[in-house]
Protein chains: 2
Amino acid sequence: MAGSTAEKIMDIAESQVRAGGYNSFSFREISQEIGIKSASIHYHFPTKTDLGVAIASRYATRFAEQLALIVTTYPSVNARLQAYVALFRQALLHDQKMCLCGQLASESDVLPEPIRLETRRFFTLNLDWLAIEVFTGDDAKARAASVLAALEGALLMSKVLDQADLFEQVVAGIAVR
Amino acid sequence: MAGSTAEKIMDIAESQVRAGGYNSFSFREISQEIGIKSASIHYHFPTKTDLGVAIASRYATRFAEQLALIVTTYPSVNARLQAYVALFRQALLHDQKMCLCGQLASESDVLPEPIRLETRRFFTLNLDWLAIEVFTGDDAKARAASVLAALEGALLMSKVLDQADLFEQVVAGIAVR
DNA sequence: GTCTATAATTTGATAGAC
DNA sequence: GTCTATCAAATTATAGAC
């Protein structure tokens with residue numbers, strides 16, 4: 001866990017949210033894990049909303065960077081889709097947790113508005129990317145929605161049932177055409 | 001909102017959880033909505049965990065009853081799948097919220113064990129039903145997982161983006177074979 | 001069954017010293 | 001940047017009167 005204190009705070013906050021949701025993480029838990037006092041966190045992130053926006057924004061931006069990298073790396077739409085699926089697989093295997101924005105989406109009704117907007121940004125940028133860089137034709141948007149829904153749902157099921165192979169079973173049904 | 005006080009409590013609790021998650025609902029909010037004091041809720045449900053188990057168990061049991069009804073009503077696997085999808089569509093359109101157990105699944109890491117078990121029961125009974133009453137063949141389990149993941153993910157996306165047509169786009173890609 | 005009263009804990013947040 | 005000290009609010013929960 002390298003990086004500045006602010007980055008450490010964000011790393012732990014993201015981990016907590018992905019485990020139990022926005023209302024499940026606290027400044028005190030984060031501070032104890034880092035080894036500082038909870039009051040010190042307010043120096044880096046004045047309010048909890050500020051911290052929530054920061055991790056959601058970072059997550060969406062990092063994802064967008066990965067998507068851009070996929071486009072420049074793979075000319076084939078099949079390879080792009082495979083690499084895209086791998087992004088979600090990593091979330092499950094490496095972190096054994098939900099997609100951060102999938103988690104936030106489930107509680108979007110009670111999120112502070114700025115956090116909800118960042119969460120929406122994640123979903124729209126994913127849908128747009130799939131509908132432009134992977135799928136073609138009249139039903140490109142619909143197919144994009146199907147893929148993203150399947151991946152988010154697969155993460156959800158794999159998490160609650162603690163069965164990583166469920167994710168692979170769902171992934172096996174995903175194809176470009 | 002008819003029924004006994006206990007049922008009213010469960011109705012409101014379920015609504016709150018489906019909106020913002022398990023850590024987002026409180027005895028005080030429920031009591032204010034009903035018009036009693038929060039202490040009175042403890043008479044019906046001694047602890048918050050008890051209430052959480054009650055609504056998760058009721059949700060899973062009701063769902064199981066619907067599944068049994070579908071089997072006796074429709075002989076065709078196509079019709080069964082269509083009726084199954086309609087169960088999730090109702091959750092979105094009528095309540096404009098997540099599936100209760102989909103919501104609980106996302107926070108399963110921080111749920112009290114009895115609630116997590118009820119949540120798991122919902123998913124296993126759905127997967128088992130789909131793999132027996134709708135799909136056939138070697139990949140029946142995989143196809144069942146794909147359908148449930150797509151539906152849960154579709155609810156998630158439709159909720160956060162506030163676009164009910166996203167659900168229909170995903171549903172359009174679901175078929176028996 | 002519901003009430004009042006209260007306890008014990010946790011939470012996000014601020015002020016000011018260092 | 002981090003600390004101590006403190007605050008106001010919300011939370012689940014209990015005891016006992018009615």
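By convention in this document, chain letters (A, B, ...) are assigned in the order of the sequence lines, proteins followed by strands, and residues within each chain are numbered from 1.
- The CD-C1' distance, from Gln16(B) to dT11(D), rounds to 14 Å in whole Å.
- Heavy atoms of Ser38(B) sit nowhere under 4.0 angstrom from any nucleic acid atom.
- Rounding to whole angstrom units, CG of residue Asn23(B) and P of dT9(C) are separated by 19 Å.
- Taking atom CD of Gln32(B) as the reference point, atom P of dT2(C) lies 16 Å away to the nearest angstrom.
- In the set dA13(C), dT4(D), dT12(D), the nucleotide with an atom closest to the side chain of Ala39(A) is dT4(D).
- With dG12(C), dC3(C), dT14(D) as the choices, the nucleotide that has an atom nearest any side-chain atom of Ser40(B) turns out to be dC3(C).
- In this model, the phosphate group of dT2(C) is approached by a side-chain N or O of His44(B) to a distance below 4.0 Å at OP1 or OP2.
- Atom CD1 in Ile115(A) sits about 12 Å away from atom P in dG12(C), given to the nearest Å.
- In this structure, Phe122(B) and Tyr59(B) have tilted ring planes: the angle between them lies in the 30° to 60° band.
- Contacts of Tyr43(A) with the nucleic acid, taken as non-hydrogen atoms under 4.0 Å apart, include base atoms.
- Protein atom NZ of Lys48(B) is 15 Å distant from nucleotide atom P of dA10(D), rounded to whole Å.
- Both tests do not hold together for Lys37(A) against Phe27(A): distance to the six-membered ring centre under 6.0 Å, angle to the ring axis within 45°.
- When each of dA13(D), dT11(D), dA13(C) is scored by its nearest atom to the side-chain atoms of Glu29(B), the top-ranked nucleotide is dT11(D).
- For Glu7(A) (side chain) and Ser4(A) (main-chain N/O), a donor-acceptor pair under 3.5 Å exists by modelled atom type.
- Rounded to whole Å, atom C1' of dT10(C) lies 14 Å from atom CZ of Phe27(A).
- One interatomic measurement links the two molecules: OH of Tyr22(B) to P of dT11(D), which rounds to 14 Å at whole-angstrom precision.
- Heavy-atom neighbours of Gln82(A) CD from other residues, nucleotides or ligands within 6.0 Å: at or below the threshold of 12.
- Comparing Ile36(B) and Ser26(A) by the nucleotide of DNA chain C that holds the closest heavy atom to each, the one mapping nearer the 5' end is Ile36(B).
- Using a 4.0 Å heavy-atom distance criterion, Phe25(A) is classed as a sugar-phosphate-only contact.
- Close to dT2(C), at under 4.0 Å from its OP1 or OP2, lies no side-chain N or O of Lys37(B).
- Between Thr5(A) and dG1(D), a side-chain N or O to OP1/OP2 separation shorter than 4.0 Å is absent.
- Remark: C1' of dG12(C) and NE2 of His42(A) are 5 Å apart, rounded to the nearest angstrom.
- Although no hydrogens or angles enter the test, the distance criterion places a donor-acceptor pair under 3.5 Å between the side chain of Arg120(A) and the main chain of Val160(B).
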